[in-house]
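What follows is a short report on a single structure.
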Amino acid sequence: MKFGVNSFVWISPCTTAAVKELAPKVKGMGFDILELSCEKPELIDVNQVGSELKKIGLSPIVCGAFGPDRNICSSDTKVVENAKTYIRWLVDAAADLGSPVVCGPMYSSVGKDHLEDEKARQVEWDMAVNGIREMAQYAKPKGVKLALETLNRFETDMLNVVSQGINFINQTGMDNVGFHLDTFHMHLEEKNSGDAIRLANKKLFHFHACENDRGVPGTGQVHWKEVAKALKDVNYDGPVVIESFTDQVKEIARAVCIWREIAPSQDAIASQGLTFLRTLLAQESK
């Protein structure tokens, strides 16, 4: 099992220059992976980023950010095509960098309007399924998997729990579509996070280890021992990534509603979180 940290811990948006600055720090903390939140592709030179990470000895993971203009199930065809163009860029970047997955809630935009009409919701669902199928077909020959992140009810009305996600994934009919699970969202939505992980089973492609308040993993209410046992039960050996936030990154703090100090520092989230996760998962593996 390899451990990573998301660039959101320190910066937004992610840039080539930021990666060059962050990579040595992340490696020095003991991480194996730097997860790149690619909000603005024009700010990221994939070749330079790849060279820097290879030189430092870090593996990359490509993570998408899905605002209103990147909604693959929008009624606006221009928005849909923009979302597809962006996902194709993420897939190409992943293939070039050697990231095995593209992760994130790419089935819609975060915070999209909820549709009350049942028929309209079905149309929206079908558009999302068809869109992700198309993107998975693009990604498969490049050796890239799509890991769909289930989100809490305040951020999406589409995929909140694993049981919904299994239905969605099965409807795509693509074996390179699976889950990106995040303990922050699971803590809010699942009845039992361990059972949800076991339900995802071999479709678990990517994992975020985050505290219930977005702070340092291990300092809050997430049922970490249940999570660790479930990861062992399904023989998960993929990335375990810390994606947490502080009020120091203003753009992200506004987006995820962080109005107070939730951790001593950005570095503390990463370093203390890594120590906790390594110990937790090492104990469970015995």
Side-chain angles (χ1 to χ4, degrees), residues 4-23 25-26 31 33-50 52-53 58-74 76 78-97 99 101-112 131-132 135 139 144 146-152 154-156 158 180 182 184-185 206 208 210 214 239 241-258 266 269-270:
V5 62
N6 189 287
S7 56
F8 274 155
V9 171
W10 291 280
I11 54 157
S12 174
C14 184
T15 67
T16 302
V19 171
K20 290 182 177 180
E21 182 179 343
L22 276 179
K25 173 192 289 222
V26 169
F31 287 98
I33 295 165
L34 178 58
E35 185 173 275
L36 307 169
S37 283
C38 303
E39 298 155 275
K40 297 182 179 180
E42 66 272 18
L43 300 181
I44 299 174
D45 185 311
V46 173
N47 290 331
Q48 287 189 42
V49 166
E52 184 66 22
L53 295 180
L58 286 171
S59 298
I61 292 290
V62 172
C63 183
F66 295 88
D69 62 339
R70 293 171 180 164
N71 184 3
I72 203 167
C73 59
S74 172
D76 186 330
K78 290 182 179 179
V79 171
V80 172
E81 190 50 46
N82 186 60
K84 291 179 178 179
T85 298
Y86 174 63
I87 295 171
R88 290 188 197 100
W89 182 91
L90 294 172
V91 168
D92 290 343
D96 291 343
L97 290 168
S99 170
V101 302
V102 169
C103 63
M106 62 198 81
Y107 47 84
S108 73
S109 61
V110 176
K112 73 169 184 63
I132 293 301
M135 296 298 95
V144 176
L146 303 184
L148 311 183
E149 184 176 19
T150 56
L151 300 178
N152 69 76
F154 307 109
E155 296 184 41
T156 189
M158 291 196 73
H180 163 189
D182 183 317
F184 169 79
H185 298 292
H206 192 62
H208 274 180
C210 308
R214 301 277 197 181
V241 175
I242 297 171
E243 183 204 45
S244 296
F245 312 104
T246 71
D247 57 358
Q248 292 165 281
V249 184
K250 300 301 181 185
E251 185 173 340
I252 296 301
R254 285 193 298 271
V256 298
C257 301
I258 291 177
Q266 294 159 300
I269 287 177

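It should be emphasised that the depicted structure is a prediction, and the values quoted were computed from it without experimental measurement.
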Taking the six-membered ring for Trp, are Trp89 and Tyr86 parallel (under 30°), tilted (30 to 60°) or perpendicular (over 60°)?
-> parallel

Counting C-beta onward and ignoring hydrogens, is there a side-chain heavy-atom pair between [X] and [Y] closer than 4.5 Å?
X: Glu149; Y: Asp182; result: yes
X: Pro105; Y: Thr156; result: no
X: Gln48; Y: Lys20; result: yes
X: Val26; Y: Leu58; result: yes

Taking all non-hydrogen atoms of both residues, which atom of [X] and which atom of [Y] are closest, and how far apart?
X: Val102; Y: Ala94; value: CG2-CB, 3.8 Å
X: Ala23; Y: Leu53; value: CB-CD2, 4.1 Å
X: Tyr107; Y: Leu148; value: CD2-CB, 4.2 Å
X: Leu97; Y: Val46; value: CD2-O, 3.6 Å
X: Val79; Y: Pro68; value: CG1-O, 3.6 Å

What distance separates Glu155 CD from Thr150 OG1, expressed to the nearest 0.5 Å?
->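 If we round to the nearest 0.5 Å, Glu155:CD and Thr150:OG1 are 10.5 Å apart.
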
Nearest 0.5 Å please: distance from the CD atom of Glu42 over to the OG1 atom of Thr16.
-> 10.5 Å

Within 6.0 angstrom of Glu21 CD, more than 12 heavy atoms from elsewhere |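 No, the 6.0 Å shell around CD holds no more than 12 heavy atoms from other groups.
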
Evaluate the side-chain contact (heavy atoms from CB on, under 4.5 Å) criterion for residues Cys63 and His206: first the C-alpha distance (whole Å), next the side-chain angles of each, then the deciding distance (0.1 Å), finally the verdict.
-> CA-CA 10 Å; Cys63 183; His206 192 62; over 6 Å; no

Taking His208 for its side chain and Val241 for its backbone only, find out whether a donor-acceptor pair lies under 3.5 Å.
->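 No; judged by distance alone, with no hydrogens or angles, the pair does not exist.
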
When you look at Phe66 and Ile72, which way does the side-chain contact (heavy atoms from CB on, under 4.5 Å) test go after all the steps?
-> CA-CA 9 Å; Phe66 295 88; Ile72 203 167; over 6 Å; no

Output yes when Arg70 and Glu39 qualify as a salt bridge under the 4.0 Å nitrogen-oxygen rule, no when they do not.
->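 No, this pair does not count.
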
May I ask you to check whether Ser37 and Asn6 show a side-chain donor-acceptor distance below 3.5 Å?
->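 Yes - a donor-acceptor pair under 3.5 Å links their side chains.
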
